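Okay, structure first, notes after.
Please read all numbers here as calculations on a predicted model, not as lab measurements. In what follows, every heavy atom counts, from backbone to side chain, and hydrogens, waters and symmetry copies are set aside.
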Amino acid sequence: MSTQPTVGIIPTFTIHDRLRKAREAAGLDQVQLADIIGMSRTSVSNYETGVMAKPRKIVVNAWALATGVPVQWLETGVAPVPGDDGAPAPPAGAGGG
């Protein structure tokens with residue numbers, strides 16, 4: 001018997017998965033989201049299933065606004081740190097104003 005902890009399956013979510021999860025978490029169906037962001041339900045479905053290879057930045061931004069999910073999470077799967085505006089950190093020892 002091994003004493004090594006068993007590592008479970010760690011799912012990898014694509015941007016398409018995250019788009020769907022954001023819509024579902026916002027309590028919207030595909031028709032409702034399509035109406036909010038000004039596209040067809042078919043386009044929403046195509047983005048969520050990966051038929052549309054990579055969503056354009058304007059689509060990701062609109063999706064984020066409509067669902068209340070951070071753009072950074074939709075694009076990367078990494079949640080932003082509270083207070084992090086995405087700007088580069090100042091060099092060490094630099095005074096902050």
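Residue A79 comes nearest to W73 through the heavy atom pair N-CD1, 3.9 Å, listed as atom of the first residue, atom of the second, then distance.
For the side chain to side chain contact (heavy atoms under 4.5 Å, CB included) test, residues two or more places apart in sequence or in another chain that qualify with D29 are V31, Q32. Remark: S43 engages S40 in a side chain to side chain donor-acceptor pair (under 3.5 Å) (not counting sequence neighbours). Taking the side chain to side chain donor-acceptor pair (under 3.5 Å) definition, one finds that E75 meets it with K57, sequence neighbours left out. K54 pairs by the side chain to side chain contact (heavy atoms under 4.5 Å, CB included) definition with nothing, not counting sequence neighbours. R18 pairs by the side chain to side chain donor-acceptor pair (under 3.5 Å) definition with nothing, not counting sequence neighbours.
Y47 places none of its side-chain heavy atoms less than 4.5 Å from the side chain of R20.
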### Task
Please report the C-alpha distance between E48 and H16 in whole Å, then the side-chain angles of each, then the deciding distance to 0.1 Å, and finally whether the side chain to side chain contact (heavy atoms under 4.5 Å, CB included) criterion is met.
CA-CA 5 Å; E48 290 182 355; H16 310 290; 5.6 Å; no
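Panel note: side chain T49, backbone S45; a donor-acceptor pair is recorded below 3.5 Å. For the pair R23 (side chain) and L28 (backbone), a donor-acceptor distance under 3.5 Å is present.
A distance of 8.5 Å separates CZ in R41 from CG in N46, rounded to the nearest 0.5 Å.
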Only pairs under 3.5 Å count here: list side-chain donor-acceptor contacts from residues 58-70, not counting sequence neighbours, and write none if there are none.
unit_1: W63; atom_1: NE1; unit_2: L19; atom_2: O; d: 3.0
unit_1: T67; atom_1: OG1; unit_2: W63; atom_2: O; d: 2.8

